[in-house]
*Asks:* 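Have a look at this one.
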Amino acid sequence: MGKAKKTRKFAAVKRVISSKEAKQSSKEKPQVQKKDEELVKEIPQMSSALFFQFNQSLAPPYQILIDTNFINFSIQRKVDLFRGLLDSLYAKCIPLITDCVMAELEKLGPKYRIALRIARDPQVERLKCSHKGIYADDCLVQRVIQHRCYIVATNDADLKRRIRKIPGVPILSVGSHSFVVERLPDNF
């Protein structure tokens, strides 16, 4: 058998701190505290319709912004989009699709033609986008920040995380055989 290599243990040799270094480290600490005092946090103005976490601008008929993967998941789980919305929210719903989401569905190709057919249904309203060349998730987040009167229907984990940071906006996702509502206000 070979001889095992002996390695020096980590931090076995301690460094000797001179008195000059100790003085320098004590001088640096007050400077850090001064920077914290100068830091000013800006909090964005909240809508007057929001009372704590409740959004009072949400009322039936609900306007639901639909994402691409929400349609795809509802097809996979065999849930009718319009019947599922009515069953989950117990009120009339107006499904809305932005131009960016439609473009994303069209780019997916013939594999997602059923989702594209559902999106082109006359019951689904189209929202025009004034911007050009933007990611569909960014479009939905911008629209929800501007007007907090929407429920966002998505199964995208990244988009859900971004929307949870916006107070008063509920999220609708596809469960096992029905739609699941997250954070709908109880004031109705």
*Asks:* Please walk me through it: do Glu182 and Arg164 pass side-chain contact (heavy atoms from CB on, under 4.5 Å)?
*Replies:* CA-CA 10 Å; Glu182 183 178 321; Arg164 281 186 191 116; 2.7 Å; yes
*Asks:* Got a sec, which pairs hit salt bridge (Lys or Arg N to Asp or Glu O under 4.0 Å) with one end in residues 74-85, sequence neighbours left out?
*Replies:* none
*Asks:* Between atom CD1 of Ile97 and atom CG of Leu127, what is the distance when rounded to the nearest 0.5 Å?
*Replies:* 9.5 Å
*Asks:* Verify the cluster assignment for Leu140 and Ile94: are they in a single hydrophobic cluster under the rule of side-chain heavy atoms below 4.5 Å apart?
*Replies:* yes
*Asks:* State, to 0.1 Å, how close Thr154 and Asp156 come at their nearest heavy-atom pair, and which atoms those are.
*Replies:* OG1-N, 3.1 Å
*Asks:* Within this structure, what is the CD1-CD1 distance for the pair Ile75 and Ile114, rounded to the nearest 0.5 Å?
*Replies:* 6.0 Å
*Asks:* Can you give me the closest heavy-atom contact between Leu172 and Ser88, atom names plus distance?
*Replies:* CD1-OG, 4.1 Å
*Asks:* Sequence neighbours left out, what passes salt bridge (Lys or Arg N to Asp or Glu O under 4.0 Å) with Arg120? Give chain and number order.
*Replies:* Glu106
*Asks:* Rounded to the nearest 0.5 Å, how far apart are OH of Tyr112 and OG1 of Thr68?
*Replies:* 10.0 Å
*Asks:* Could you report the tightest heavy-atom contact between Ile151 and Leu58, atom names first, then the distance?
*Replies:* CG1-CD2, 4.0 Å
*Asks:* Taking only residues at least two apart or on different chains, which pairs with a member in residues 65-92 satisfy ring-ring contact (aromatic ring centres under 6.0 Å, His included)?
*Replies:* Phe70-Phe179
*Asks:* Taking the side chain as everything from C-beta on, heavy atoms only, tell me whether Leu96 gets closer than 4.5 Å to Val124.
*Replies:* no
*Asks:* If you look at every heavy atom in Pro95 and Ile66, which pair is closest and at what distance?
*Replies:* CB-CD1, 3.5 Å
*Asks:* Examine distances only and state if a side-chain atom of Asn155 and a backbone atom of Asn69 form a donor-acceptor pair shorter than 3.5 Å.
*Replies:* no
*Asks:* Step through the shown structure and confirm whether more than 12 heavy atoms of other residues, nucleotides or ligands are within 6.0 Å of CD1 on Ile145.
*Replies:* yes
*Asks:* What are the two closest heavy atoms between Gly168 and Pro170, and how far apart are they?
*Replies:* O-CD, 3.5 Å
*Asks:* In Å and rounded to the nearest 0.5 Å, what is the NZ to SG distance from Lys132 to Cys100?
*Replies:* 12.5 Å
*Asks:* Output all residues satisfying side chain to side chain contact (heavy atoms under 4.5 Å, CB included) with Asp99, sequence neighbours left out; order by chain, then residue number.
*Replies:* Arg126, Lys128, Cys129
*Asks:* Tell me, please, which residues at least two apart from Tyr135 pass side chain to side chain contact (heavy atoms under 4.5 Å, CB included).
*Replies:* Glu104, Asp137, Asp138
*Asks:* Roughly how far apart are Lys111 NZ and Asn72 CG, rounded to 0.5 Å?
*Replies:* 9.5 Å
*Asks:* Test side-chain contact (heavy atoms from CB on, under 4.5 Å) on Val152 and Lys160; report intermediate values, then the result.
*Replies:* CA-CA 9 Å; Val152 180; Lys160 279 184 181 181; over 6 Å; no
*Asks:* Check side chain to side chain contact (heavy atoms under 4.5 Å, CB included) between His177 and all other residues, then give those that pass, not counting sequence neighbours.
*Replies:* none
*Asks:* Is it the case that one hydrophobic cluster holds both Ile166 and Tyr150, taking links as side-chain heavy atoms less than 4.5 Å apart, direct or via other members?
*Replies:* yes
*Asks:* CZ/Arg113 to CG/Leu105 distance, rounded to the nearest 0.5 angstrom?
*Replies:* 14.0 Å
*Asks:* Hydrophobic clusters here meaning ILVMFWY residues chained together by side-chain heavy-atom distances under 4.5 Å, can you tell me if Leu86 and Leu81 are in one?
*Replies:* no
*Asks:* Please tell me whether Leu108 and Val174 are part of a single hydrophobic cluster in this structure, the criterion being side-chain heavy atoms less than 4.5 Å apart.
*Replies:* yes
